[in-house]
Amino acid sequence: MGKKILITDPEKCTGCRLCEIVCSVKHDGVSNPALARIHVVKWDNEGFYLPMRCQQCREAPCLAVCPKGAISRNEALDCVQIDYERCIGCKLCVQACPFGAMGWDAERGRVFKCDLCQGDPQCVRFCDMKAVDYVEADRLGCVRMREAGEQYSALLRRFGRG
Amino acid sequence: MALNRKIAFIDLTTGQTRTEPIPLDWRRKYIGGRGLDAYLLYTHCPAQADPLGPENVLLISAGLLVGTLASASARTHIMAKSPLTGLLGSANMGGFFAPELRWAGFDHLVIRGRAEKPVYLYLHNGEIEIRRAENLWGAGVYDTQDLLRRELNDPETQILCIGQAGENLVRFANVMTGRKNAGGRTGMGAVMGAKNLKAVACRGTQSIAIRYPQEALEYNKQIIDQVVSTKVSQIMQRWGTGFIFGVTNTTGLVRCRNFQYNQLPNSEDIECENLDKVSIGLDGCFGCQVHCRHRYIIPEGPYAGTYAQGPEYTSQGAFGAEVGCRSLNTVLVGNHLVNDYGMDTLEVGSMMAWAMELFEKGILTEKDTGGLRLAWGDDEAVIELVKRIAFRRDIGDILAEGPLRAAERIGPQSLPYLIHVKGMSNLHSDERPTPALALNIAVSSRGADHLRGRPAIDLYNLPLPVLERVYRNPDGYTGPLTNRYSEYEGKPRMVQWQELVYMAVDSLGVCKYHTVFLSPNHPQFQEFARLIYLNTGLEFGEKEIWDIAERCYTIERLFNLREGMTRKDDWLPDRYFDEPTRLGLPVARGKCIDREKFRAMLDEYYRLHGWDENGVPTPETLARLGIAEPKPAA
Ligand code: SF4
Ligand code: SF4
């Protein structure tokens, strides 16, 4: 089995924010979007919803700026992870992340980010639309192609093959 | 904790605010949301208060499970004395306001008095500010939320507000959040307008601790699977509530041309399948996997390009069947306008249909309507009428007064055509072929309304064992039950049961599509008990939740009795008894309600609730439910 990656599809998202809540409950035992590792950015005047979360970068800026080497890549999981033993809470990573995916828990005084729920992402499990999905990386192209192909083939079937 | 949210008392006259914890005792007796609101209204609103006066008490709340891991725990409840009926006012809406209210630290707002100038409330992490809103006055629902988010410089702010209809004291103005979530019924928007309260904005980052997080996560998954495994949820996930219009219209259960027909023939254009043309996707309330409404763009006409949400089956009724229109665009535009002006789509549709029938009968003429010809199926006239109601222009000013006051102004000859109960219009459904549904609208504690106690699953003619499983629990009911919807026997029990299950979900803050409303297999008392336990740690048996719902429903009854309601108000308009239906399938054609049998149903219904033959709770019932307040004079 190939490595899996987390993907999002705004076309499918209904904006329900269940993904945010299951995330904060899973990690912190509380319902609080401010602590969720995924956040649904909404353009309410257009009805456009985009779930945003850590991209698990290969050249991760958070990893690069960390003065303590507390951030590393877990290659098996294809995940950027935090070692709280080393973290000094300087928040440089929070400022470095271009996606805003490194959070700061003011109450506990520590950073937090998506850990892919150690391979069983709860946002994916709960999203019936599969607007967030966890798919094998080497099959991603295939999945997208089939989805796009479905629209195209529907047209072909409707209007003939040209 | 889910139990540490506060109650805030806000006096708009003096500008004083005070917050207090919510006693655990209240949770055990009223749960929260609508149940606790009912208690608060009964105890805080002075008898015979002027609904549009400063003495009326406006309650805004989030149910006990809002924001937790309970599927679709999204609901805001709003209560006050109703300017439409003079009785209990109560409205409920989805969206994202209620969870944000809880993250901001609050569960219940008790708002009294009246601000001198327009204001809005800003609640954030335990703080309450009363802020000036002169710049918002005059703005519609969409713009108000936009302007406030800009002013507060925070697009995550959730806002509950009124549109122009609420400002203009249209007696069925609603309270809105988002593009289409409407606390629609009983004119709660007019109460806000009268208080000069334009909006409540909130924003919070306070955690709601889940008592048993891992178990709650697993159980919620189970509940979601239970809900989305039913056919009706799957249909809704795909088509939205619009499908209900199609099936009920086909049967002949839809009011057409006010109350002249029970079906709109050739309705293809406004059927839900057609919405696909304009839909850009479905939309979910907080935490919901049913996502029952569309996001759409109006395709043509003066509003082309406008983004709106819905339309629900009620708008297909209001801007379709009731007024005899058949244009999808009219439904889309009408739905958009009522949401932006902030008016109850059901009431608007009914008032327009009534006016059109009066016009047809010559009771209203162009002289009364400011030159507007109110002809059936005239799309332009319908849209124009919506605007005139919102801005109270000529005939709109009369209709904005709601059924009974409008009839008073037009004259007694208009009364027989009014389809209302307790001064509130019914939605677009026709209950003549369905005695159980007819009983529900007659006795509902907020006037003609399906969301108070409609036993919608009665329409499925389900096998008796399925009904027994639902309706015998949790109090061991042993009386009759019947499974054909044309029957009268056993129906009062269905109505009573639904009233209590809806009271329970409204107190928990969960959506009705996630309980026994459209499916017998959706969660109910037993599941509620487990959800409450895992999320909050509070232990309730299913029978205890039933008892709480009974207590709260009885308090709503007491409020209505105190404000002057009598048995006579639990009754249907004469047309239900005297005019048989003309169209539809054989089960629905040639039907009307039998007066004597209906009377017997009403008696039985009172008995089940422990109320006497006048509908007054007996001393034994009050003692059993531990309702301490003195019984008001009957
Ligand atoms: S759970 Fe899925 S549909 Fe809901 S907001 Fe998250 S990504 Fe969107
Ligand atoms: S079923 Fe519809 S109204 Fe209910 S919570 Fe889901 S999206 Fe909201």
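So you know, we letter chains A, B, ... as the sequences are listed, proteins then strands, and number each from 1. Computed over heavy atoms, backbone and side chain alike; hydrogens, waters and symmetry mates excluded.
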| Which answer fits A:E20, side chain, backbone, both or neither, if we ask what part of it has an atom under 4.5 Å from a heavy atom of chain B? | neither
| note | Honestly, the part of B:L217 sitting under 4.5 Å from a heavy atom of chain A is both
| said: Does the plane of the ring in B:Y142 sit parallel, tilted or perpendicular to the ring in B:H336? Use 30° and 60° as the thresholds. | reply: tilted
| said: Using 30° and 60° as the class boundaries, would you call the ring planes of A:F48 and A:W43 parallel, tilted or perpendicular? | reply: tilted
| task | Count the heavy-atom pairs under 4.5 Å between each of A:P33, A:A34, A:C127, A:C19 and chain B, then report the option with the highest count. | result | A:P33
| request: Say whether B:E156 and A:H39, considering side chains only, have a donor N or O and an acceptor N or O under 3.5 Å apart. | output: yes
| Using non-hydrogen atoms only, which part of B:Q145 is less than 4.5 Å away from chain A: side chain, backbone, both, or neither? | neither
| said: At a 4.5 Å cut-off on heavy atoms, which part of A:C13 comes close to chain B: side chain, backbone, both, or neither? | reply: backbone
| task | Identify which part of B:Y296 has an atom lying under 4.5 Å from any heavy atom of chain A, answering side chain, backbone, both or neither. | result | neither
| field | Cation over ring face, A:R110 and A:Y84, 6.0 Å, 45° | value | yes
| Can you name the nearest heavy-atom pair linking B:M93 to B:V175, along with the distance? | SD-O, 3.6 Å
| field | chain A contact via B:D146 - side chain, backbone, both or neither, heavy atoms under 4.5 Å | value | side chain
| task | Verify whether one side chain among A:Q56 and A:R58 offers a donor that lies under 3.5 Å from an acceptor in the other. | result | no
| A:K12 portion near chain B, given a 4.5 angstrom heavy-atom threshold | neither
| note | Of B:Q237, B:R295, B:R149, the largest count of non-hydrogen pairs under 4.5 angstrom with chain A goes to B:R295
| field | Best-contacting candidate, A:N45, A:V41, A:D28, against chain B by heavy atom pairs under 4.5 angstrom | value | A:N45
| task | Please work out whether the ring planes of B:Y122 and B:Y120 are parallel, tilted or perpendicular, with thresholds of 30° and 60°. | result | tilted
